[in-house]
Amino acid sequence: MMNDKYEVTIGLEVHCEVKTNTKMFSPSPNNYNETPNENISEVDMGFPGILPIANMEAVKKSIMMAMALNCKLPNYMYFDRKNYYYPDLPKGYQITQATEPVGVNGYINVYVNDEVKKIDIHDIHLEEDTASLDHYETYSLIDYNRSGIPLLETVTEPCIHSADEALAFLDSLRRIFLYTGISEARTDRGQMRCDVNISLAPKNSEKLGTKVEMKNINSFSNVKDAILYEIKRQSEILDEGGTIIMETRRYDDTTCKTYRMREKVEGVDYKYYVEPNIPPYKITDKLINELREKLPMLQFDRIQKYMKDYELSLYDASILTKNIETALYFEEVISKGIDPKMAANWINTRILGHVNKEEISINDCTFTTDDLVELITYINKGTISSKQAKDVFYKCIDENKKPSVVIKENNMEQITNTDEILSVIKEVINENMELALSYDPKKGRTVDFFVGQIMKKTRGKANPKAAMDLIKEELMKLKDKS
Amino acid sequence: MSYLDLSISEMKKAIDEGKVTPTSLAKESFERAHKYQKDINSFVTLTEKNALNQLENLDSVEDNPLKGIPYALKDNFSTKGILSTASSNILKDYVPFFNATSVNKLYSKGAILIGKTVLDELAMGGTGTTGHTGPVKNPWDKSRLIGGSSAGSASSVAAGIVPFSIGSDTGDSIRKPAAYGGIVGYKPTYGLVSRFGLFAFASSLDHVGCFTRNVSDVAYVIDAIKGKDEKDMTSLPDDNIKFSEHLDGNVKGKKLFYLKEIVNRDNYKDSMDEELDEILNNFDEIIDKCKNLGMEVEEVDFDKEILKAIFPTYITISCAEATSNNSNLTGIPFGPRSKGKSIDEVMFNSRTEGFSELIKRRFVLGSYILQKENQEKLFLNAGRIRRIIVEKMTELFKEYDGMILPASGSIAPTFRSETIDKLSDRYLLLENHMAIGNFGGFPSITIPCGFVKNMPIGLSITSGVKKDLDVLNIAYALESTMNYKNQIAGGVNDER
C-alpha cells in the first residue's frame, strides 16, 4: 500500500459500448465511423414523432454480462428516462435503466498481483450513448454517430483501495467483454470509458472521506495516473489540515494532473420515470438458460482450473487466459494428450511471441494446434531435440509448412537407434584409443569430448542423451577390460 | 348537393361510376378550405402541390375504399417535405424528412392530403384556441370554439371541407371536438394504430384516431391505418380483421352500462342549467333508443371521489410525460434556433421564445411532478389512481359490451364564456370522464346525438381493450336511429 496514513476508497463506473449490428433504439448501424453524422436516423437525433425500438441483441448481451458478473437478474427488462438538457442528448432524455437494472448485487474475483480480490458490483445497466461534442472557440460541432449506441454501465461498490486494484478490475472486466464477445472494448475508440470516484479517510476511520469524481477517463493507464495523482493531491491537502471539496475533476493526460470542473451539487435530479414506449420484456428461464449456455468459462475460472488441474504457475495461467482464443488453443493442444506444462511453455514463449510480434490473433497464426501437437510429439519421441524444435517452429512459420515436412526436408531426424550410434562410437574410440583408455568416470571432460565427436560425425543428428549414455557404457567396458 | 358532402363509400361509388373525379373532389375541397379559412381557421398549411402530385400518381394505387378521397391531417403528424408545426412557434419552420406511419399508409391508399390542421399548441389544451396561427372556430356558430386539441381536424370535417380527418387523442382531444362539432370522433384501442411520427404529448395516453361524418367511415379509415408497426413497440399484432366488413348493426342482446355518478342530477343541483338539463334528458332518450334496439342498459355505481380524480390524474401524468417528451425542442438539431452566446443559452432562448406561457406552465407543472421529492406523492399516486380506474373498468367490460355517457355536460362554449370552475363536480365529472379511454387504452367513440340551443351534442361509447368492433357496432346501430348521419354544419339538417 502506497499510503500509510490514509485509507483510499475507490468506486468505478465503467461505460462500455455493446457490439451489435444496429443502435440501441434505432435501426442505424452501430459501427465505428470516422466520418461524422453518417450512422444516424431521425431516432438518433430525437426528431418529433420518433419512438424507440429496443435492440434485442443488446438486451440479450446485457443479460449475459449481468450473469458473467454474478448479478441478480430482474424478472422483466424495463427502461427508464433520465431527463436532463445537454446538446449531446438530442431527445432531452437518455433511455437508461434506473429502477430495475439488468443486474444488481454482483461480484467478480480478480487477481491483484498474486492475490485474489473480490470486487462487488452495485449494478450493471443498459442505456444509450450520447452524441459527441467538439468545442471550438466560437462554436461547437456535434457528431451524432455515437448517439444511441448501446452502452453497458458497470458500477462497482466503493470497495477498491488502490490504483492496482482498480486496474486489475478494469482489465478483468475488459477481458470478460472480450471473452463473451459482448464488446470490442477498445479504449482507443472510446468504446470503454471510466468514471472514478475516490475518497481518502484516516486509517481505521469508520467514515468515508469526501468523494471526488473524475469523469470520462479514456485509458487504463490514465485511470492509474489519475488515481495516483488524486491520492497524492488529497493526501497533501489532508496533511496540511485542509478539507477535500466534493467536486468533479477532469484528468489531463498531457500534464498528468487533475483539474476542477465543477463543484458537485448534491444529487442532481434526473427525474427518472419509466419509458412508456417500451413494453416490459419478460426475462424467462428459457432465455436465461439459453444465454447461460453461450457464456464461456471466464479468465478467472480458467486461471484457477489451469493452476489446479494442470499445475501451471499463476503467471503462465494468466498469460494463457488473457484472451479466449489463446486459452482455447491451449486447451485443444492438451486435449490431444500433450503435457500442459510443455504446451504452456511453447504457447507462452514461441507462439505468443510470434503472434504478438505480428500483431495477429492466435486464430490467424498459421501454426495450428495440430502443428504444435506434432512438434511436441517429435520432441517427446526424441526425433528432434528441443533446440532443433525451435528451428523447426520458425521454419514452419516462415515457409508455412507442417513440422513433419520441415524435419524431413532438412534431414533433422535424430538418430536414436542404438546400433547406429554404437557403430559411430566404435569409430571414434578407435580414432582416440589413448584417451579412451585413460577414461576416468569422475572427470566429465572425456565424455564431453566423445559426445562432441559423435555429434560431429552424425552432423548433430544423434540424440545427445542416448549418445552420452552409450559412450559412458562403452568407455566403462573398455576400462573394465584393461 | 355536392359529391364532397357524401360519405366515403358514396363518394367512392360516385368516383367509380365516373360521376366525379378525385381531382374535382380535391379541387372543391381546396375551394371550401380557402373559403372557410378566414372564418374557421382549420388549417396551418394547405397542401395543393402535394395533392396535385398525389392525383397525378393515383393510377398506380391499388383500388381501395380511400382511393381518391380527400382528407385533412392534424399538424402534429410528421409529413415529409411538408411543414409540421404542432401549432407552436418552436416548430413554426420545421419541415420533417420522414412520414408518420399512418401518413405513409394513407399515401399508399391514395387518400388525398388537403392540408395540415390547427391544434392547441403541441396538442396540449382542449379549446382549440392556443395554436400559433390563431383560434379555430366552430362551423355551427363562429362565436363558439370547437374544442381541442384536434380543433382543425374537427372543424374541417364539420364544415364539409373533407369527409375525414386524422387527429390525436390524449384526454379526449378527438372525441370532445367531435361532439362539439356534430360529427363522429374515434379513438381506437391503444396500439391499434401506430404512433410513429405523431409528435408525442403523453406517450402512455396518446392515440391516433379519426373524425368522420358517419360510423362506417370510421371503419374505412381505421382499416387503412391500423396494424403492427416495426417502428412502434406498443403497436398491437395484426388481427387481419377489416372493421368495415363486420359492421352489421346487430346489437341485440348487447349489455351496456352508464356510470350513475356522472349523470346523476343530484350531483349538479347547484350548477344545473337549461343546457345540462337538456343534455341529461337527451341521454335518457338515448337509453330508450338502446333498449329499443334490443340492448340492455344498466346503471353502475362508481366511487365518485375516484371519478373526480380523473382530471387531476390526467393532468399529473400528461404534464409529466409532456415535459420529458418535449425536451427535444431545443433549436439544436431541428426547428427555429434562437441566438445565444453558448449552447446552453441557445437552448434556453429557443425554448423561452418558442413556447407560449400556457405551455411553459404545463412544463413547470410536469417538472415539479417528476421531481424526486414529489414523484411518490404526485406522479406515482396518479399512476395508482389510473390503475384503480383501469382495473375497475376492465372488470366492468368483462360483464358489459360497452359504456355510454354524454360526451360533455355542455354545448361548445363561446369564446367569451366565463372561466370554468375546474374544481366543480360538474367539470370534474362531466367534462373529464372520456380520459378513462386514454387511461386504459379503451376504444371510444363519440357520435352526434342531438341539438341543444341549436348546437350539436355528442354521445360517448367506450368498450374494453380490443373490442373496437363492439364500439363501432353499437355506434352504428344507434346512429341509424337518429338523423345526424353525414350532417354538415350550416346545411343539411332540418333539426337545426
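Numbers restart at 1 for each chain; the letters A, B, ... are given by sequence-line order, proteins then strands.
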Enquirer: Would you call A/R193 and A/D129 a salt bridge, using N to O less than 4.0 angstrom?
Expert: yes
Enquirer: Where does B/N76 contact chain A at under 4.5 Å (heavy atoms): side chain, backbone, both or neither?
Expert: neither
Enquirer: Answer with side chain, backbone, both or neither: which region of A/N277 has an atom nearer than 4.5 Å to a non-hydrogen atom of chain B?
Expert: both
Enquirer: Tell me, out of B/E230, B/R351, B/K341, who's got the most heavy-atom pairs with chain A below 4.5 Å.
Expert: B/R351
Enquirer: Looking at B/I332, B/D232, B/L91, which one has more heavy-atom pairs under 4.5 Å with chain A than the rest?
Expert: B/D232
Enquirer: Would you call B/H132 and B/T85 a side-chain contact if the rule is heavy atoms closer than 4.5 Å?
Expert: yes
Enquirer: Are the side chains of A/L287 and A/K60 in touch, meaning some heavy atoms are under 4.5 Å apart?
Expert: yes
Enquirer: Is it the backbone or the side chain of A/Y84 that comes under 4.5 Å from a heavy atom of chain B, or both, or neither?
Expert: neither
Enquirer: For a quick test of reading the model, state the closest non-hydrogen atom pair linking B/V44 to B/S87 and the distance between them.
Expert: CG2-OG, 3.9 Å
Enquirer: Non-hydrogen atoms of chain A under 4.5 Å away: do they reach the side chain of B/E321, the backbone, both or neither?
Expert: both
Enquirer: How many angstroms lie between atom CD of B/E345 and atom OG1 of B/T352, to the nearest 0.5 angstrom?
Expert: 10.0 Å
Enquirer: Distance to the ring centre below 6.0 angstrom and angle to the axis at most 45 degrees; does that hold for A/K82 and A/Y270?
Expert: yes
Enquirer: Considering only heavy atoms, which portion of A/A54 lies under 4.5 Å from any heavy atom of chain B: side chain, backbone, both, or neither?
Expert: both
Enquirer: Report which part of B/Q371 has an atom under 4.5 Å of a heavy atom belonging to chain A: side chain, backbone, both, or neither.
Expert: both
Enquirer: Counting only heavy atoms from other residues, nucleotides and ligands, does the tally under 6.0 Å from OH of A/Y76 exceed 12?
Expert: no
Enquirer: A/L51 versus B/R195: any side-chain heavy-atom pair under 4.5 Å?
Expert: yes
Enquirer: Can you tell which part of B/S324 gets under 4.5 Å to a heavy atom of chain A, answering side chain, backbone, both or neither?
Expert: both
Enquirer: Using non-hydrogen atoms and a 4.5 Å limit, figure out which bit of A/L89 sits close to chain B: side chain, backbone, both or neither.
Expert: neither
Enquirer: Between A/P52 and chain B, with a heavy-atom cut-off of 4.5 Å, which part of the residue counts as in contact: side chain, backbone, both or neither?
Expert: backbone
Enquirer: Determine the option with the most heavy-atom pairs under 4.5 angstrom with chain A, choosing from B/N328, B/T330, B/I343.
Expert: B/N328
Enquirer: Quick one: sort the B/Y94 and B/F199 rings into parallel, tilted or perpendicular, breaks at 30° and 60°.
Expert: tilted
Enquirer: What I'd like to find out is whether the side chain of B/N438 reaches to under 4.5 Å of the side chain of B/D169, using heavy atoms alone.
Expert: yes
Enquirer: At a heavy-atom separation under 4.5 Å, does B/F77 approach chain A through its side chain, its backbone, both, or neither?
Expert: neither
Enquirer: Side chain from CB out, backbone as N, CA, C, O: work out which of these in B/S194 comes under 4.5 Å of a heavy atom of chain A, or both, or neither.
Expert: neither
Enquirer: Pick one of side chain, backbone, both or neither for B/F196, based on which atoms fall under 4.5 Å of a heavy atom in chain A.
Expert: both
